[in-house]
> 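Following this message is one structure expressed as structure tokens.
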Amino acid sequence: MSGNNANRRLKFEIFRYNPQDPDSTPHMQNFEIDELPYMSLFMALNEIREKHDPSLQFDFACRSAICGSCGMMVNGKPSLGCRTQTSDLPELIRLHPLPVFKLVGDLSVDTGIWFREMAEKSEAWIHAKEAFDPAAQEDRMDDETAQKIYDSDRCIECGCCVASCGVANVSGEFAGPAGLNRMARFSMDPRDTRDDADWFELISNEHGVFGCIGMMACHDICPKELPLLEVYAYLRRKALTTALK
Amino acid sequence: MIVRISSTDVLVIGGGLAGERCAIEAAAAGHDVLILSLVPPRRSHSCAAQGGMQAALGNCVKAEGDSPDVHYLDTVRGSDWGADQEVARIFAEEAPIAVRELAHFGVPWTRVKGGPNSYFIRGERVEINEALENDGLIMHRDFGGTAKWRACYAGAGTGHSALYAVDSEVVRLGVTVRDRAEAVELIHENGRCYGAVSRCLRTGQHSAILAKATVIATGGHGRIYGQYTTNATINEGMGAAIALNTGVVPLGNMEAVQFHPTALSPSGILVTEGCRGDGGFLLDKELNRFMVEAEPEKQELASRDVVSRHMARRMRDGHGVETEHGPHLWLDIRHLGEEHLKTKLREVWDICQDFVGLNPATDLIPVRPTQHYSMGGVRVNKEGEAYNLAGLVAVGEASCWDMHGFNRLGGNSLAETIVSGRLIGRHIAKTIRTGGVDIDTRVANEAVKNAEERAARLLAAEGPGPGAYEIRDAMAEVMISRVGIFRTGEELALAVNELKELLAKCDKIVLRSKVPGMNPELTFALRIKNMVRLSLITAMGAFARTESRGAHFRSDHPLRDDAKWLNRTLIRWPESSDAPGISYEPVGVLDVPPGHRGYGRDERIEMEQSIEDYNQGVEQAQSEQGKLPTEGQQ
């Protein structure tokens, strides 16, 4: 990473709209700040807010790319603001809120409600065989299976994949990459009792894995580098083998 | 004025692990539960916990002989005898159950691989045969200050996986979550809490939520150290602050502040203790493994307070790598190998690539001790009930339950969230069924009006007054420079004065942005006074405590003093008073007599009283401080 770069003057064009303010209309606003070494968009946006325009809305929490709060369009590409270094960007940095999600204001969007609805629709929880027995030793699982589930469980629901998805942008019903990944995560978990027919119902339609038209932008932009290509292949295979039974 | 009022059985403030685990328990028992959260629950700071969760399952070879008894002892030693030992005991016994329950909820715990395994232990590669009959059970890794390998983990994303699993139960049970909402004031009268005033962070509107039980689960308050913390931006301590603002609820041990040895320099982003647990080294600028000499027994895996102090001394003595952001040391995990780093420490791999652009398989990681955990918080009894205010409960980092005393062990807080959430949630579910609450809407209306007026006053202020961010920066500098790892009476006295001045400034804040809606500047300005109040009582507690215990280290009083200070600091801030009041209570009934921790300095001022005499005085002294009677005492 080119952290210690020349002293550039960065130009930001930031989407502004405050739905709570009757005088506000959607527009782009320009800011200029001096670039610092190892400057992330987390640092840059806080500087803009604290020194230039305190009304600017955006979301950050962990600032370490694990909480998923700060998805935004950075020069047209869905990205996590906190892990985006200005040194990797040109002098002109254009920021928009993620599409698909409801706008809260400026760069802030409502991902929480979208993901909760997705979790409800796909019943994204373990459908357990029986109630938890506090006196029993844990059920065994081989470490490879645990690792496989973990690889899929690592999704931080930042919404970047959803924003990058051509289908999710036009169809409110499509589960989206993160939704499909979540289904795959539970379907490969031996603790979940849903059978092939249950999964077939959920994934084998145009709102499930067959809604995906294979552009795979999601795979390329996922900040956690989830193997989404493999996830869809797994789900398609599961759907087809169930249909052919 | 129309005041929006809603009601629920249980109001949980905070959607992290402790709050959600508590909510599940109450909801599963059939109660109506509402969770308020600053962010969508899965973005709570629990998700950032990396390395593991302590529970004595004893599943691997290096965990053989482990038991809740050993875990309990480690916890008491870790706390430097500041913990309530009864609570530490309950915790250690319940932790295995709570961890197994998380497996039931879906956490993909890393599992034992029966047969030959290769580990790094005390600087050497060791081959160990894991028993075939343990294959597939939950695996452990080593952590600081523990006698056995005990930390259960899912890669280096343990908090993430635990939070997602617990939140999936919240969704399954249909618990209502109101995200982008902040509790700004508790509704209370005559020693009873009736709920809270919520401010919507989408619209800026206030409303009252009435509840039979109100649970504070807002996590820690590391952001009083500004950017000098591993904590998320949302860890501003508003739960503890609104409890303090009642005037009657004391906060316990605020001076007990943990510094984590390995935060990235300079960003402060956490790098898990699991790196050292898995065999990582700490190196100084000459690439010496200085911890071997400093702590021959535990080396890099002494408790966090001890390791952080050794690191700070090392840098002070000129062995740090100097940079424009101050000195740092190195964390070396190169020898663990790329495959290990990309699986068991995957999140560390990502963080190194993303935030310092280095490859931990070939490069050293720049680290330095950074504020990490608040042992102090809302003082509660073992059932989670706040002192002096019936109907108010606190769990997790926001509370002072108090199993951590003056230093918590790595992996113990993540376990605390689910253990205490589970137990205290069950206690709430049981007790509110029987007790009806007489809720007075007048009290609620007044509380909402107060909150609205506070916001309106800030919006109305004009002129050249100070800004909220400038007060934050000044507060952070005071805290890191005078209330840090090494403290002295002189520095702390200065800190108290400076923080008092900053507090006075908070009433003169002028906003530059008057936009309607959530208005981010207003939102922060409403918090900053609370943050300065928390900072001030932290500095006051530290100034008053003239000994060194756990993370509280006084260079002018370097010994632990069990004759005078085997107690817990309680600070209340009576309403309409400009001075908080300090009092003390015994730490709890002693089962393990004070002694050497097994690491750190083995020198202290001994107790004068007998253990029996000390124990006899506990109950009465704590009742006098407002502890509510627990089951069996009623």
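Proteins come first, then strands; the chains are lettered A, B, ... in the order of their sequence lines, and each starts at number 1.
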> Measure from the side-chain N and O atoms of N181(A) to the backbone N and O of S152(A), and report whether any donor-acceptor pair falls under 3.5 Å.
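Checked: pair present.
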> Go through the structure and list residues passing ring-ring contact (aromatic ring centres under 6.0 Å, His included) with H207(A), not counting sequence neighbours.
none
> Chain A contacts: which residues in residues 158-165 of chain B have a non-hydrogen atom closer than 4.5 Å to it?
H160(B), S161(B), Y164(B)
> Keeping the roles fixed (side chain from R202(B), backbone from D110(A)), state whether a donor-acceptor pair exists under 3.5 Å.
no
> Under 4.5 Å heavy-atom distance to chain B, tell me which part of A136(A) shows up: side chain, backbone, both or neither.
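The answer is the backbone of A136(A).
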> Let me know if N134(B) has heavy atoms under 4.5 Å from chain A in its side chain, its backbone, both or neither.
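For N134(B), the contact with chain A is made by the backbone alone.
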> Shorter than 4.5 Å, heavy atoms on both sides: which option in K148(A), R182(A), H127(A) has the most such pairs with chain B?
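Between K148(A), R182(A), H127(A), the count favours R182(A).
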> Is E130(A) close to chain B through its backbone or its side chain, or both, or neither, when contacts mean heavy atoms under 4.5 Å?
backbone
> Select one option (side chain, backbone, both, neither) describing which atoms of V107(B) are under 4.5 Å from chain A's heavy atoms.
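For V107(B), the contact with chain A is made by the backbone alone.
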> Tell me whether D106(A) contacts the main-chain N or O of R16(A) through its side chain, where contact means a donor paired with an acceptor under 3.5 Å.
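No: the side chain of D106(A) does not pair with the backbone of R16(A).
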> For the candidates D153(A), L80(A), N18(A), D192(A), which exhibits the highest count of non-hydrogen atom pairs separated by less than 4.5 Å from chain B?
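Sorted descending by pairs with chain B, the first entry is D153(A).
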> Any chance the side chains of T86(A) and E35(A) put a donor and an acceptor closer than 3.5 Å?
yes
> Tell me whether the rings of F524(B) and Y469(B) are parallel (<30°), tilted (30 to 60°) or perpendicular (>60°).
parallel
> When heavy-atom pairs shorter than 4.5 Å are enumerated against chain B, which of G68(A), P134(A), A119(A), G112(A) gives the highest number?
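Result: the option with the highest number of such pairs is G68(A).
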> Just checking, is any N or O donor in the side chain of T523(B) or R199(B) under 3.5 Å from an acceptor N or O on the other one?
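Note: T523(B) and R199(B) side chains meet the donor-acceptor criterion.
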> Take T230(B) and H260(B), measure what side-chain hydrogen bond (donor to acceptor under 3.5 Å, both in side chains) needs, and give me the verdict at the end.
CA-CA 8 Å; T230(B) 63; H260(B) 194 292; over 6 Å; no
> Among residues 46-56 of chain A, which ones touch chain B with a heavy-atom distance under 4.5 Å?
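So far as heavy atoms go, R49(A), E50(A), K51(A), P54(A), S55(A), L56(A) are the residues that approach chain B to under 4.5 Å.
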> State, without any angle test, whether E138(A) and N59(B) hold a side-chain donor-acceptor pair at a distance under 3.5 Å.
yes
> Donor-acceptor check, side chain of H27(A) to backbone of T25(A), threshold 3.5 angstrom: yes or no?
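Judged by distance alone, yes, a pair lies under 3.5 Å.
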> I'd like to know if the side chain of R83(A) reaches the main chain of A65(A), judged simply by a donor and an acceptor atom lying under 3.5 Å from each other, with no hydrogens or angles considered.
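Here the side-chain-to-backbone pair does not exist.
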> Nearest 0.5 Å please: distance from the NZ atom of K514(B) over to the CG atom of N519(B).
9.0 Å
> With a 4.5 Å cut-off on heavy-atom pairs, point out which of G105(A), S24(A), C82(A), A135(A) contacts chain B the most.
C82(A)
> Can you establish whether the number of heavy atoms outside E32(A) located under 6.0 Å from its atom CD is more than 12?
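Counting neighbours around CD of E32(A), more than 12 heavy atoms of other residues, nucleotides or ligands fall under 6.0 Å, so yes.
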> Just give me the residue among A48(B), G106(B), P40(B), G204(B) that pairs up with chain A most often, heavy atom to heavy atom, under 4.5 Å.
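Sorted descending by pairs with chain A, the first entry is G106(B).
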> Would you indicate whether Q137(A), at its atom CD, is surrounded by more than 12 heavy atoms from other residues, nucleotides or ligands within a distance under 6.0 Å?
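Enclosed.
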> Against chain A, label S44(B) side chain, backbone, both or neither, depending on which of its atoms sit under 4.5 Å from a heavy atom there.
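Neither; nothing under 4.5 Å.
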> Quick check on the interface: out of R154(A), E120(A), E225(A), who has the most heavy-atom pairs with chain B under 4.5 Å?
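It is R154(A).
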> Considering residues, nucleotides and ligands other than E339(B), do more than 12 of their heavy atoms fall under 6.0 Å from its CD?
no
> Please look at I351(B) and chain A and tell me whether the side chain, the backbone, both or neither of the residue comes under 4.5 angstrom of a heavy atom of that chain.
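Only the side chain of I351(B) comes within 4.5 Å of chain A.
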> Are there residues of residues 263-271 of chain B whose heavy atoms fall under 4.5 Å of chain A's heavy atoms? If so, which?
S267(B), G268(B), I269(B)
> Between the side chain of S108(A) and the main-chain N/O of Q57(A), is any donor-acceptor distance below 3.5 Å?
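Pair absent, no side-chain N/O of S108(A) close to backbone of Q57(A).
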> Less than 4.5 Å to any heavy atom of chain A: does that hold for the side chain of R178(B), its backbone, both, or neither?
neither
> Any sub-3.5 Å donor-acceptor pair from T111(A)'s side-chain atoms to G159(A)'s backbone N or O?
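No.
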> For the side-chain contact (heavy atoms from CB on, under 4.5 Å) test, which of V109(A), L45(A), T84(A), D59(A) pairs with M72(A)?
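That would be L45(A); it is the only one of V109(A), L45(A), T84(A), D59(A) passing the side-chain contact (heavy atoms from CB on, under 4.5 Å) with M72(A).
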> Among side-chain atoms of R63(A) and S69(A), is any donor-acceptor pair under 3.5 angstrom?
no
